[in-house]
Amino acid sequence: MGLQQFLGPARVSVKEGFAYKFEFFAWTIIMPVMFVIFYFLWRAAFAYGGFTEIRGMTFSNLVTYYALTIIIATLTYSSVIEDLPMRIKKGKFAIDLVQPMGVILKYLSEFFGQRVMTVVMQVLPLTVLTFILLKPEVTLVNFILFVVSVLLACIMSFLLWFCIALLAFWMKEVQGVAMAVWGVTNMLRGSVVPLVFFPQAVQTALSYMPFPYLAFVPIQIFLGKLSLIGALGALAVQIFWILAILLIAKFILLRGVKLFTGAG
């Protein structure tokens, strides 16, 4: 399969995104507001407690951390958890099966197409605001490694939600499961509080799971909390989890397709 074929669904997603711009414009306003709330909340906490840092994180580190969690959460969100179950429920998934592109690659291409509008309308404004207010110091090497790590985190997140969406072959409604998974994942990837605030035993246990690599680890790379060797090792772990979750997704898809075609 060539690059042009892979980019086909992505182009369609980009056009659809520009056709329905209201939601993107709304989040363009909401995301900076969320960031400003975090900014003043942590500034008050540091001022009241007289802290210079908390668990090795300065005021600038913490606010930058939360700005990046918002950005990464936006980039890793995938509508496949909504679209795919609906197509399976309505029988439209049969069309996906006869496409020249594999099902997983098709939805992955659409996912990256949707990210184009996300970057333009949501990520860039918040990034500019973060650098204006905080002026975070980041080396070129760490920034490049951070971008690569976020890209890998996007693929990991997509595959995780794809696996959940495939449960629609066996369940009439998967949104309840998706909400539960989202709540747990949001906590374990460090979006609610940085994982450095957790007990050391919990941090050690989480290091063997994929969740920290969806947000916490990429941010640690950006903040310079990992050495070059540590950052490269983190990227290798992300690639490992991508391959592992991909195998799981293919297994579930194969079983689901047999059930789907048998019922059809």
- request: Answer yes or no: is there a side-chain heavy-atom contact under 4.5 Å between Leu195 and Gln220?
  value: no
field: Nearest-0.5 Å distance that lies between atom CG in Leu166 and atom CD1 in Ile248
entry: 11.5 Å
task: Side-chain contact test, heavy atoms from C-beta onward, threshold under 4.5 Å: evaluate it for Pro136 versus Val138 and give yes or no.
output: no
query: With a 4.5 Å heavy-atom cut-off, do Leu246 and Ile155 have their side chains touching?
result: no
Reported CE-to-OG1 distance for the pair Met34 and Thr69, which is rounded to 0.5 angstrom: 7.5 Å
query: Are Leu254 and Lys258 close enough, and set up right, to give a side chain to side chain contact (heavy atoms under 4.5 Å, CB included), and what steps lead you there?
result: CA-CA 6 Å; Leu254 180 62; Lys258 290 181 178 179; 4.2 Å; yes
field: Within one Ile-Leu-Val-Met-Phe-Trp-Tyr cluster: Phe143 and Leu235, side-chain cutoff 4.5 Å
entry: yes
- prompt: Could you give the distance from CG (Leu160) to CD1 (Ile245), rounded to the nearest 0.5 Å?
  reply: 4.0 Å
message: Could you report the tightest heavy-atom contact between Leu133 and Phe35, atom names first, then the distance?
response: CD1-CE2, 3.3 Å
field: Residues which pass ring pair (Phe, Tyr, Trp, His ring centres under 6.0 Å) with Phe158, listed by chain and number, not counting sequence neighbours
entry: Phe111, Phe162
- request: Rounded to the nearest 0.5 Å, what's the gap from OG1 on Thr185 to CE on Met209? Could you check?
  value: 11.5 Å
query: Is Met187 reachable from Val181 through a run of hydrophobic residues whose side-chain heavy atoms are each under 4.5 Å from the next?
result: yes
message: Quick check: do Ile71 and Tyr66 have side-chain heavy atoms less than 4.5 Å from each other?
response: no
message: In this structure, would Leu243 and Leu214 fall into the same cluster of hydrophobic residues linked by side-chain contacts under 4.5 Å?
response: yes
task: Check the pair Ile95 / Arg87 against side chain to side chain contact (heavy atoms under 4.5 Å, CB included), numbers first and verdict last.
output: CA-CA 9 Å; Ile95 300 175; Arg87 292 183 67 82; 4.0 Å; yes
Side-chain heavy-atom pair Val202, Phe197 within 4.5 angstrom cut-off: no
query: Are Ile239 and Ile229 connected in the hydrophobic side-chain network, where two residues link if heavy atoms are under 4.5 Å apart?
result: no
- request: Mark yes when over 12 heavy atoms from residues, nucleotides or ligands other than Met171 sit less than 6.0 Å from its CE; otherwise mark no.
  value: yes
task: Evaluate whether atom NZ of Lys250 has more than 12 neighbouring non-hydrogen atoms of other residues, nucleotides or ligands under 6.0 angstrom away.
output: no
task: State which residues pass side-chain hydrogen bond (donor to acceptor under 3.5 Å, both in side chains) with Thr58; sequence neighbours excluded, sorted by chain then number.
output: Asn61
query: Rounded to the nearest 0.5 Å, what separation is found between the OG1 atom of Thr64 and the CD1 atom of Ile219?
result: 10.0 Å
- request: Identify the two heavy atoms, one from Pro85 and one from Val80, that lie closest to each other, and give their separation to 0.1 Å.
  value: CD-O, 3.3 Å
- prompt: Can you list every ring pair (Phe, Tyr, Trp, His ring centres under 6.0 Å) pair that touches residues 209-238, not counting sequence neighbours?
  reply: Phe146-Phe222
query: Do Val217 and Leu226 have side-chain heavy atoms sitting under 4.5 Å apart?
result: yes
- request: Keeping the roles fixed (side chain from Arg55, backbone from Val196), state whether a donor-acceptor pair exists under 3.5 Å.
  value: yes
query: Can you list the residues that meet the side-chain hydrogen bond (donor to acceptor under 3.5 Å, both in side chains) rule with Ser149, with sequence neighbours excluded?
result: Gln238
Closest contact, heavy atoms only, Leu253 versus Phe169: CD1-CE1, 4.5 Å
message: For Phe131, I'd like to know if atom CZ has over 12 heavy atoms of other residues, nucleotides or ligands within 6.0 Å.
response: yes
task: Using ring pair (Phe, Tyr, Trp, His ring centres under 6.0 Å) as the criterion, point out the one residue from Tyr39, Phe38, Tyr65 that pairs with Phe59.
output: Tyr39
field: Non-hydrogen side-chain atoms of Met57 and Leu223 separated by less than 4.5 Å
entry: yes
- line: On a heavy-atom basis, the closest approach of Ile104 and Ala249 is CD1-CB, 4.3 Å
message: Are the side chains of Trp170 and Ile252 in contact, using a 4.5 Å heavy-atom criterion?
response: yes
- request: Determine yes or no for a side-chain-to-main-chain donor-acceptor pair under 3.5 angstrom, with Thr130 supplying the side chain and Leu126 the backbone.
  value: yes
- prompt: Is there a path from Leu206 to Val192 through hydrophobic residues (I, L, V, M, F, W, Y) whose side chains come within less than 4.5 Å of each other?
  reply: yes
query: To the nearest 0.5 Å, what is the distance between CG (Asn186) and CE (Met179)?
result: 10.0 Å
field: Heavy-atom pair with the smallest gap, counting every atom of Ser157 and Thr76
entry: OG-O, 2.9 Å
- request: Mind checking ring pair (Phe, Tyr, Trp, His ring centres under 6.0 Å) for Phe198 and listing every partner two or more places apart, or none if nothing turns up?
  value: none
- line: Residues passing the ring pair (Phe, Tyr, Trp, His ring centres under 6.0 Å) test with Tyr77, sequence neighbours excluded, are none
message: Determine whether a donor-acceptor pair (N or O, by modelled atom type, separation under 3.5 Å) exists between the side chain of Thr204 and the backbone of Gln200.
response: yes
- prompt: Is there a donor-acceptor pair closer than 3.5 Å between any side-chain N or O of Ser79 and the backbone N or O of Glu82?
  reply: no
- prompt: For the side chain of Gln175 and the backbone of Ile81, is there at least one donor-acceptor N/O pair under 3.5 Å apart?
  reply: yes
- request: Considering non-hydrogen atoms only, spot the tightest contact between Asn142 and Gly224 and give its length.
  value: ND2-CA, 3.6 Å
